[in-house]
Amino acid sequence: MFFWQLVLSGLSIGSLYAVVGLGIVLLYRTSRVLNFAHGDLAMVTTMIAYSLLTSAGVVFAGSVALTLLAAFALGSLFYFIVIRPVKEATLLGQIITTAGFALVLGGAAVVIWGAGTKALPFPLSRFRFYDVFGLRIDQLTIGSFIVSVITMLLLYLLVQKTKFGLAMRAVSQNDAAARVLGIPVRRVYAVTWGVSAVLGAIGGLLLAPVTFVSPTMMFDPFLKGFAAAVLGGLDSLPGVIIGGVILGVVENVFGGYVSTAFKSTVAFVMIIAVLLVRPEGLLGRKFQRRV
Amino acid sequence: MRENHGGAGPLLEVRNVSLQFGGIAALTDVNLTVHPGELMSVIGPNGAGKTSLFNCITGLYRPTAGDIFFGGRRINGLTADRIAALGIARTFQNIELFSHMTTLDNLLLGRHLHMRAGFFDAAFATRRWWRNEVAQRRRVEEIMDMLDLQSVRHRRVASLPYGMQKLVEVGRALATEPRLLLLDEPSAGMTEEEKADLVFTIRDVQEELGIAVVLGGDDLRMVMEISQRIVVLDRGRVIADDVPAVVQKDPKVIEAYLGEEAMDPARGA
């Protein structure tokens, strides 16, 4: 029973890693840019949610809606004012730019909201339990699992079934060809950045009741989301979900039986082991140079 | 600024276009006119500027000077996707396909401009979504029939023979329903048999679909055989613009090609 208890909560936290990681992968797939500001963007949007809920006194649902809108705007704005001007730079240059922007966001958050830790008023509780198949699960765990799954389904629809998703796949494979077919490449990139930031914001909001709100709150979740993406394959959306779930379950089970202090370490050791065998990740496409 | 030439005017007008990369002049003062439904060619020795010209017309490059009008509307300065939406499609010299997708998907992407599949429609698979999906697929089927691509519809394009990939690219361009089709060296790397087929295809496109075609000429024999008019570029300048029979005997053209290849249509390129 204890084992399944650990698996279940691992599943829930893993699905949050997956949501955070999905934002990273979505962007990487489309533009080959690894966004090191992903976590800090999510942190800033969570801060915005905090302000809306506390100082502005907006109701929860309204705050969430506004926060997601703000995340989308921030993400696409980031593309237009930071990434697009350096589009002539190498890919590595663009990636470093995102890392720099992460520092800017982190600093700005300290200036605006302070370095302290705050509690985000959240409607789901960690201390109200339900009985599911003989397992005791708290409201928050169930809630974040359900929200993650819905998020994934919506993303699936967006990527696989809509005109925009098709355009995104086209842009990722051949920029020039996409443009001459009438695909507005710039808009596709901007929307992709926006959607990626929304995914980060959803992750941030669901993590906030556990990690609390602070400028460093997304450091660990970002790292885990990134690890989930690498484990599953950086260019595979199903891959990052599987990666996130494996990561969450392994670290939780290890934490439960052996040591909580080393649970992250074990997760990363496992990732290293997998990458030694499959460098492209579990579901990733084999690396090949374009000729 | 805008001029309206009406239905009888030229479809495409390139006026005094120059293009410079740093100090290098890729195009100098190029003038060119394409009439609706016309089949013409732009030829020239390697590096003459054919691809640069195509890139300017389709908005991938911005001309340093001069103007380009399409259907009477100035298009230089518009983004590539806007120009595509106006009705100019192209293929590339070095095949630019979505190589990890199937033939069918590549052609469907050509329908992007005509698609109406928003998030709401997709989520609930509305009637509108289905109707649109069916319409797009029907149009793509017609093009695949025309180009004989049915047998490779579910093959990943990267695994197709070179000549076939070129055809997929033509099909994808046609799927956008253009009024003007620019083909950049379509027969390069094709076998003689494939080239012969291509001639028929290009004629079909021009005669049956009424699309104006500009051929970025590679194979001189083919160009001479099917073009109504030929523009010859040499080092970024237009040195001849006339019917094939005249262009062929133009001393300037022969000189430009000397050392490259003889202007003998019987031997081809």
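In what follows, chains carry the letters A, B, and so on, assigned in the order in which the sequence lines appear, proteins first and then strands, with residues in each chain numbered from 1. Hydrogens, waters and symmetry mates are skipped; everything else that's a heavy atom, side chains included, is used.
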Undergrad: If you check every heavy atom in residues 197-206 of chain A against those of chain B, which residues fall under 4.5 Å?
TA: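 Residues of residues 197-206 of chain A touching chain B at under 4.5 Å: none.
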Undergrad: Please state whether the side chain, the backbone, both or neither of A:L154 comes within less than 4.5 Å of a heavy atom of chain B.
TA: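 Both parts, backbone and side chain.
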Undergrad: Please report the shortest heavy-atom distance between A:A177 and B:F98, naming the atom on each side.
TA: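 So the two residues come closest at CB-CZ, 4.0 Å.
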Undergrad: Heavy-atom pairs under 4.5 Å with chain A - which of B:N132, B:L97, B:L113 has more of them than the others?
TA: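 Highest number of pairs under 4.5 Å: B:L113.
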Undergrad: Could you walk me through whether B:L109 and A:L181 pass the side chain to side chain contact (heavy atoms under 4.5 Å, CB included) check?
TA: CA-CA 8 Å; B:L109 265 163; A:L181 292 180; 4.3 Å; yes
Undergrad: Quick one: which of A:R179, A:Q160, A:R186, A:R187 has the most heavy-atom pairs under 4.5 Å with chain B, could you say?
TA: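 Result: the option with the highest number of such pairs is A:R179.
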Undergrad: In residues 133-148 of chain B, which residues are in contact with chain A at a heavy-atom separation under 4.5 Å?
TA: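 Counting heavy atoms that sit under 4.5 Å from chain A, no residue of residues 133-148 of chain B is involved.
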Undergrad: Give a yes or no on whether A:L276 atom CG has more than 12 heavy-atom contacts from other residues, nucleotides or ligands under 6.0 Å away.
TA: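 Counting other residues, nucleotides and ligands, CG of A:L276 exceeds 12 neighbours.
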Undergrad: Which atom names give the shortest non-hydrogen contact between A:K163 and B:M115, and what distance separates them?
TA: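 Result for this residue pair: NZ-O, 3.1 Å.
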Undergrad: Is B:R111 in contact with chain A via its backbone, its side chain, both, or neither, using a 4.5 Å heavy-atom distance?
TA: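 Neither; nothing under 4.5 Å.
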Undergrad: Heavy-atom pairs under 4.5 Å with chain A - which of B:T91, B:T58, B:D81 has more of them than the others?
TA: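 Option with the greatest count: B:D81.
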Undergrad: If I take atom OG1 from residue B:T79 and atom CD1 from residue A:I183, how far apart are they, to the nearest 0.5 angstrom?
TA: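 Here the interatomic distance stands at 12.5 Å.
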Undergrad: Above 12 or not: heavy atoms from other molecules or residues under 6.0 Å from CZ of B:R82?
TA: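 Atom CZ in B:R82 is not crowded, with 12 or fewer foreign heavy atoms closer than 6.0 Å.
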Undergrad: Can you confirm whether A:L166 sits close enough to B:D105 that some side-chain heavy atom of one is under 4.5 Å from a side-chain heavy atom of the other?
TA: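 No. Closest side-chain heavy atoms not under 4.5 Å.
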Undergrad: Would you check, one step at a time, whether the test side chain to side chain contact (heavy atoms under 4.5 Å, CB included) holds for B:L60 with A:V180?
TA: CA-CA 8 Å; B:L60 293 180; A:V180 301; 4.1 Å; yes
Undergrad: If you define the side chain from C-beta out and look only at heavy atoms, does anything of A:R169 sit under 4.5 Å from B:H100?
TA: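 A:R169 does not reach B:H100 side chain to side chain.
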